[in-house]
Structure formats: C-alpha cells, structure tokens
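Below is one structure, written out as structure tokens; the observations come after it.
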Amino acid sequence: MLEAAAENTYARSVAATPSEYWKSRALTIGVNRYTEGVRNTIKVYEVFKTLSELVLPPRAPRGDPRNLERVKVTIATLRAKKIS
C-alpha cells in the first residue's frame with residue numbers, strides 16, 4: 001500500500017480513466033445507492049452526536065480500574081440510544 005501511495009498509482013489510474021466512464025457509473029450505480037448511503041451516514045452522525053454529548057467521569061491514570069467507569073457510561077449511553 002505504501003508503494004502504491006509513493007508511486008501515486010491511484011491518482012494516475014483515475015486520471016487515465018475517461019470521464020465518461022465514471023460519470024456513467026455514477027449515474028447508473030450511484031443513483032441507486034445514494035439513498036442508502038445517506039441513510040447509513042445519518043446513523044453514523046447520530047452516534048457521533050451522542051458520543052459528543054457524553055458526560056464522562058474524570059480520567060484516571062493509565063491502568064487505573066476507575067477508567068472502566070468511563071467505558072460503562074459510554075456503553076450504557078450507546079445501548080440506550082440503540083434501543084430507543
């Protein structure tokens with residue numbers, strides 16, 4: 001993968017592909033998948049919003065069992081969101 005990035009193979013492949021090809025693919029395949037993609041993205045943003053609103057207990061030093069309380073709060077919040 002690093003070699004591909006270093007050699008810029010992805011960008012070269014995109015540049016070498018005629019624009020008619022990707023445009024036709026976007027119009028034929030992409031249109032059918034757009035609604036599903038938006039629906040799935042909305043779910044992801046709802047999870048991010050829920051996580052951003054969490055009020056967690058203070059962080060303890062690494063390895064301290066009190067940090068598990070932070071995990072418990074996160075799990076409980078995400079579970080409540082899922083079943084609501």
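Just so you know, these numbers use all the heavy atoms, side chains as well, and skip hydrogens, waters and symmetry mates.
In terms of heavy atoms, Pro58 sits closest to Arg70 at C-NH1, 3.9 Å. Nearest heavy atom pair, residue Pro57 against residue Val73, reads CD-CG2, 4.1 Å.
The side-chain hydrogen bond (donor to acceptor under 3.5 Å, both in side chains) contacts involving residues 72-84 comprise Glu69-Lys72, where partners must be two or more places apart or lie in separate chains. Evaluation of the side-chain hydrogen bond (donor to acceptor under 3.5 Å, both in side chains) test over residues 46-60, restricted to residues two or more places apart or in two chains, returns Lys49-Glu53.
Residues forming a side chain to side chain contact (heavy atoms under 4.5 Å, CB included) with Thr41 (at least two apart in sequence, or on another chain): Tyr45.
The cluster map of Ile, Leu, Val, Met, Phe, Trp and Tyr, joined by side-chain heavy atoms under 4.5 Å apart, puts Leu56 and Val47 in the same cluster.
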